Amino acid sequence: MSALGPIWQDLSVTKAEVRSVEPRGETVAVVRTMYTVHMRNWAGQVVEGTEGDVEVGVSVRFRRGKIVQWYQEFQKHLLDEKRQLALAAQAAEAATIEAAEEEDEDEENLSPLRLHGKPYNPT
């Protein structure tokens, strides 16, 4: 999807509602659609603050019954904000995982003498 429409990369669309279709002359139509979107973290959970509506306007030019041009207008600032929130959430999640792993290592180092990851038992 990102090759065809990079604005949709990493977004999950839960609802799409066509608000209007306006002809502009004989060869162009403008379609306005409201999308409800969100982004997910690595665990597949919705990232807080990324849920919401984004309006997209598409101008479509026709020639002999075929689409010859497709132009999207969208609220870039809203999508940028959602992506920044998702990146911050991923960074926080990675830091939490790293801290937990370090804590596990510290606990392992404090445990009884170990040899090759197993408790050392000289008998």
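Because the structure is predicted, anything quoted here is derived from the model rather than measured.
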Over all atoms of both residues, closest heavy-atom pair of [X] and [Y]:
X     : Y     : value
Thr50 : Lys82 : O-NZ, 3.0 Å
Glu73 : Arg32 : OE1-NH2, 3.9 Å
Arg40 : Ser12 : NE-OG, 3.8 Å
Gly49 : Leu85 : O-CD1, 3.3 Å
Val47 : Ala89 : CG1-CB, 3.7 Å
Phe62 : Val68 : C-CG2, 4.2 Å

Taking [Y] as the starting point, is it possible to reach [X] by hopping between hydrophobic residues whose side chains are less than 4.5 Å apart?
X     : Y     : result
Val60 : Tyr35 : yes
Leu79 : Tyr71 : no
Val21 : Val28 : no
Val58 : Phe74 : yes
Trp70 : Val13 : yes

Worksheet item: Taking the side chain from Gln75 and the backbone from Val54, do they hold a donor-acceptor pair closer than 3.5 Å?
Response: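 Answer holds: no.
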Fill in: Backbone of Thr14 reached by a side-chain donor or acceptor of Thr36 within 3.5 Å
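No, because the side chain of Thr36 does not come within donor-acceptor range (under 3.5 Å) of the backbone of Thr14.
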How long is the span from the [atom1] atom in [X] to the [atom2] atom in [Y], to the nearest 0.5 Å?
X     : Y     : atom1 : atom2 : value
Met39 : Leu11 : CE    : CG    : 5.0 Å
His38 : Glu48 : NE2   : CD    : 13.5 Å
Thr33 : Asp53 : OG1   : CG    : 12.0 Å
Ile67 : Arg61 : CD1   : CZ    : 12.5 Å

